[in-house]
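All values reported here derive from a predicted model rather than from experimental measurement. Per chain, numbering begins at 1; letters A, B, ... match sequence-line order.
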2 protein chains.
Amino acid sequence: MTKGNAFDPNCPTRLVLDRIGDKWTVLVVLNLCQGPMRFTQLKDQIGGVTPKVLTQTLRAMARDGLLTRHVFAEVPPRVEYELTELGHSLRAPIQAITDWAEEHVLQVMASRTGTLDQDE
Amino acid sequence: MTKGNAFDPNCPTRLVLDRIGDKWTVLVVLNLCQGPMRFTQLKDQIGGVTPKVLTQTLRAMARDGLLTRHVFAEVPPRVEYELTELGHSLRAPIQAITDWAEEHVLQVMASRTGTLDQDE
DNA sequence: AGTAACCAGTATCCAATGGATACCGTCGAA
DNA sequence: TTCGACGGTATCCATTGGATACTGGTTACT
């Protein structure tokens, strides 16, 4: 459908782009690739995320069908988040982005600090 | 270097992730892939972006070495933005993301609206 | 002569978002 | 009895994003 006009703000692709463009979403996917995980575990893994924001992220991702939220009726409470098939399918493209980031971070940092002596 | 710990907030990969995770950055790259472009042209192509934000985005991208900003001493003024080699190298991973978005947007929308009758 | 348009932005203001911090209830362990 | 684990909320504030209006030099139009 309407290939390439993610430039149209009404294009649904933009909505999807907004979600997966989210910093935390990317990190959540990368974590959950390895299997289901609990809230606190996730929070500890992903440095710097506050519980509020993590909750928001997870809820939004669940709403979009990227992951499931499974509450166990236990005490202490246990909630597991697990990628859906859809969520798993995001892994490859996200990996492409993070690979790029890791590969080129030095160039970016060099450019950012005005050090223009990168010759790669 | 330190593969996989984009989870550490101090990891430079996070910084890069923040930039390329930016909605407008992605759209700018996609536009500039086809060749250099002027400010207004870019603004018109990318629906919904305000000049202030576009300026911010372009400046940040230039700072990070993703594109160059070429000012022509003409009147009316002309400023051309062009991807650097580094910027071009971002195309593939970004394309992977947008392709995913276009492929799965229906599933996401279906999940979002609660319509669970999506079966490919 | 006056005026409007072009271009690449600023300036200003307001709403939404992100993030820091503190707190909650339930239960078992010390 | 008080503490900690767990999975979050509640509250507050700073930063950001976005909408709208404006600038200035020149040329084209009326």
If every non-hydrogen atom of S111(A) is compared with every non-hydrogen atom of G65(B), which pair is closest and at what distance?
OG-N, 3.0 Å
Without decimals, in angstroms, what is the distance between F72(B) CZ and dC7(C) C1'?
14 Å
side-chain N/O R78(B) vs dA8(C) OP1/OP2, d < 4.0 Å
no
What integer distance in Å separates Q41(B):CD from dC6(C):P?
15 Å
Contact pattern, 5' to 3', of nucleotides 8-21 of chain D - B, S or - by protein heavy atom under 4.0 Å:
BB-B-----BBB--
Distance check, rounded to the nearest 0.5 Å: L90(A) atom CG versus Q95(A) atom CD?
12.0 Å
Apply the side-chain hydrogen bond (donor to acceptor under 3.5 Å, both in side chains) test between D64(A) and each candidate in Q107(B), H104(B), R112(B); give the one that qualifies.
R112(B)
Does R91(B) CZ have over 12 foreign heavy atoms under 6.0 Å away?
no
Between dG19(C) atom C1' and I46(A) atom CD1, what is the distance in whole Å?
15 Å
What's the CG-C1' distance between D18(B) and dG19(C), to the nearest Å?
13 Å
Interatomic distance where CG belongs to L54(B) and P belongs to dG9(C) [whole Å]
9 Å
Applying side chain to side chain contact (heavy atoms under 4.5 Å, CB included) between W100(B) and each of L86(A), L17(A), T13(A), report the one that passes.
L86(A)
Is atom CD of E85(A) surrounded by more than 12 heavy atoms (other residues, nucleotides or ligands) closer than 6.0 Å?
no
Is the phosphate of dG7(D) approached by T40(A) (side-chain N or O, under 4.0 Å from OP1 or OP2)?
yes
Where each residue is assigned the nucleotide of DNA chain D containing its nearest heavy atom, which of P76(B) and P77(A) is assigned the position nearer the 5′ end?
P77(A)
